[in-house]
Amino acid sequence: MDARVTAHARYTIADIDKRLYGSFLEHLGRAIYTGIYEPDHPTALPNGMRQDVIDLVRELDTPVCRYPGGNFVSAYNWEDGIGPKESRPTRLDLAWRTSESNQVGIHEFAEWAEAAGTEMMLAVNLGSRGLDAARNFVEYVNHPGGSQWSDLRRQNGRAQPWNVKLWCLGNEMDGPWQVGHKSAAEYGHLANETAKAIRAFDDKLELVVCGSSHSDMATYPQWEATVLDATYDQVDYISLHMYFENYEKKTSEFLALPEKLDRYIGTVSGVIDFVKAGKRSKRDVKISFDEWNVWYHERKNDAKRMREWDWPHAPVLLEDIYNFEDVLQVGCIINTFIRRSDIVRVACIAQLVNVIAPIMTEPGGASWRQTIYHPFHLASRYGRGTALQLDVDCASYTADVADAVPYLDIAGVHDGDAGTLTFFAINRHGSESANIKLCVERFGNIRSVEHTLIKHDDLEARNTKDNPDNVAPRKTTDAVVEGNDVRLSVPPYSYSMIRIQL
Ligand code: AHR
């Protein structure tokens, strides 16, 4: 299969917000306890955080991390997680039917985030609680001192405010599974009033209002229209979520799902424009795609186990073990975000450690990179700069979700400071290589090219503690420069990063 891809210096999409490579940690399963926090672990710091995990997160270079949920936040009392650890209550977490010891709260998470080189993106509880708890939490986190909540923070050992910029107004409030689930009108009103109170404290904060939990929700996309109509003047982002499943084990259908993601983004972008026009507003609202990933490997087992268990603390839950096929999917998802980076400004892989995550840990033992760590890592490290509007000419196939799915999924980023052009390319063809001709126009001369490939003959291949590099990137020498073109051939079902030095 031949593919011709043209990048032209004048055809750009947007300057990518680095928070496109954000992540998410929820009090869920072993994400926090024995994930990032394990006081008895051989690498534990004096504050109980695992240094081995911090090292992997630093390497991943995720600029923002959403916390503390997820479904968990909708019945969470943030005050349970402050003050002396021995006095913190154990609570029943209604979202995951587990016990929460509250040994990690905002202070511990903030210290971890700083060590891991990531900024906090905090969610307030608009399920079981509301405006009052939210405004107190914001004051606790961001006010320097001289008020009840900020002075309490100081008493608890943190003099400086954390100055968290990005705040989520609840989580998935359209979902009947959510504690305190609301109709769009009820939620829109509450979110707007909460946003006004937070803005009265600091109108520079960035606020994220809940959109749909996924695009198959019965209330989608009317939910977005109603909620935005109620909140448009107060919010900066609308949050979307999507998880990708392959229960049928049909790779071509699975790898076509990013077309559905693209339509979801396009539709919500249209709803934003519709509400904006109706209000004659000059304000821009963008998308925060703050939960996305492959999630199905353990999902049905987990749902059954959860129904049967007796409120365990930090159980194994949502520990999907990813395979090579998921590398291709994660690559296509991130490419979709890059191509939509004019409207998707923030995106968070869900989640970061142990729970549907790129990083796995063993209690008391090793930590390692899942297969999906690699495409995320390469994009996060090298996918910063200006997203390019590529012209792509290649064969396509028909799938359930779209009629013309290009076999070659490719996104391009120009980093003017580094003088590089980086392309992320997934060959969705199962039996043919893609012979790619990359034409580079008006960027100046090409000095060199590097090709990094992730390929495994077995789509089911996984990384484990004992075989952590089974699926991993390797450099090849097969990309060649011909004048202002680059030529290379990428194998069937493969992920590539092509990096051109200008
Ligand atoms: O990430 C797992 C769960 O998925 C989150 O708690 C929730 O927001 C979503 O339904």
Side-chain angles (χ1 to χ4, degrees), residues 22-33 35-36 62 64-76 91-98 100 109 121-128 167-182 187 191 208-220 223 227 237-245 261 264 287-303 305-306 314-322 326 329-330 333 346-360 370 372 376:
S23 57
F24 172 37
L25 273 170
E26 175 169 3
H27 282 250
L28 194 182
R30 298 194 309 112
I32 303 294
Y33 306 106
I36 62 167
T62 175
V64 73
C65 186
R66 182 167 173 256
Y67 173 87
N71 295 341
F72 171 80
V73 79
S74 293
Y76 178 54
R91 297 262 185 205
L92 299 185
D93 163 28
L94 302 174
W96 304 104
R97 300 195 71 250
T98 57
E100 171 55 52
F109 182 68
M121 170 181 187
L122 295 178
V124 299
N125 172 356
L126 293 189
S128 67
W167 292 83
C168 305
L169 301 166
N171 174 71
E172 292 189 352
M173 298 308 300
D174 63 325
W177 58 86
Q178 204 68 217
V179 174
H181 159 67
K182 291 170 180 55
Y187 171 67
V208 186
V209 73
C210 295
S212 293
S213 303
H214 54 79
S215 60
D216 293 326
M217 294 294 294
T219 47
Y220 166 80
W223 172 277
V227 165
Y237 303 95
I238 184 154
S239 148
L240 301 182
H241 295 174
M242 182 166 174
Y243 290 100
F244 296 73
E245 298 166 352
L261 167 67
Y264 185 18
I287 292 172
S288 169
F289 217 107
D290 44 40
E291 284 186 35
W292 66 266
N293 204 348
V294 175
W295 176 16
Y296 75 97
H297 295 283
E298 291 299 325
R299 200 165 179 167
K300 289 182 179 162
N301 289 340
D302 283 335
R305 286 166 57 239
M306 264 176 64
V316 168
L317 184 58
L318 274 62
E319 296 200 10
D320 276 25
I321 304 303
Y322 290 110
D326 300 326
Q329 182 66 297
V330 164
I333 296 168
V346 180
C348 303
I349 187 171
Q351 300 191 8
L352 187 56
V353 182
N354 287 334
V355 171
I356 42 173
I359 296 170
M360 291 302 292
Q370 291 234 54
I372 61 166
F376 186 90

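Order of appearance sets the numbers: ligands from 1, and atoms from 1 within every ligand. Quick caveat, the model's predicted, so the values are computed rather than measured.
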Going by side-chain hydrogen bond (donor to acceptor under 3.5 Å, both in side chains), name the residues that satisfy it together with Tyr67, two or more places apart in sequence or in a different chain. His27

Which part of Asn171 is near ligand 1, with near meaning a heavy atom under 4.0 Å away: side chain, backbone, both or neither? side chain

Just need the protein heavy atom nearest to atom 10 (O) of ligand 1, so name the residue and atom and give the distance. Glu172 OE1, 2.7 Å

For Val355 and Arg30, the nearest pair of non-hydrogen atoms, with its separation, is CG2-N, 4.1 Å

Could you list the residues that satisfy side-chain hydrogen bond (donor to acceptor under 3.5 Å, both in side chains) with Asp320, not counting sequence neighbours? none

Short N/O distance, under 3.5 Å, between Trp96 and ligand 1? no

Any atom of ligand 1 sitting under 4.0 Å from a heavy atom of Phe72? no

Around atom 7 (C) of ligand 1, find the nearest protein heavy atom and jot down its residue, atom name and distance. Asn71 OD1, 3.2 Å

What's the verdict on salt bridge (Lys or Arg N to Asp or Glu O under 4.0 Å) for Asp302 and Arg299, showing C-alpha distance, side-chain angles and the deciding distance? CA-CA 5 Å; Asp302 283 335; Arg299 200 165 179 167; over 6 Å; no

Please write down residue, atom name and distance for the protein heavy atom closest to atom 8 (O) of ligand 1. Glu291 OE2, 2.7 Å

Report the relative orientation of the aromatic rings in Trp177 and His214; use parallel for angles under 30°, tilted for 30 to 60°, perpendicular for over 60°. parallel

Near Glu26 (heavy-atom distance under 4.0 Å), the atoms of ligand 1 are 5 (C), 6 (O)

Take the angle between the ring planes of Trp223 and Tyr187 and call it parallel below 30°, perpendicular above 60°, tilted in between. parallel

Taking atom 1 (O) of ligand 1 as the reference point, the nearest protein heavy atom with its distance: Tyr243 OH, 2.8 Å

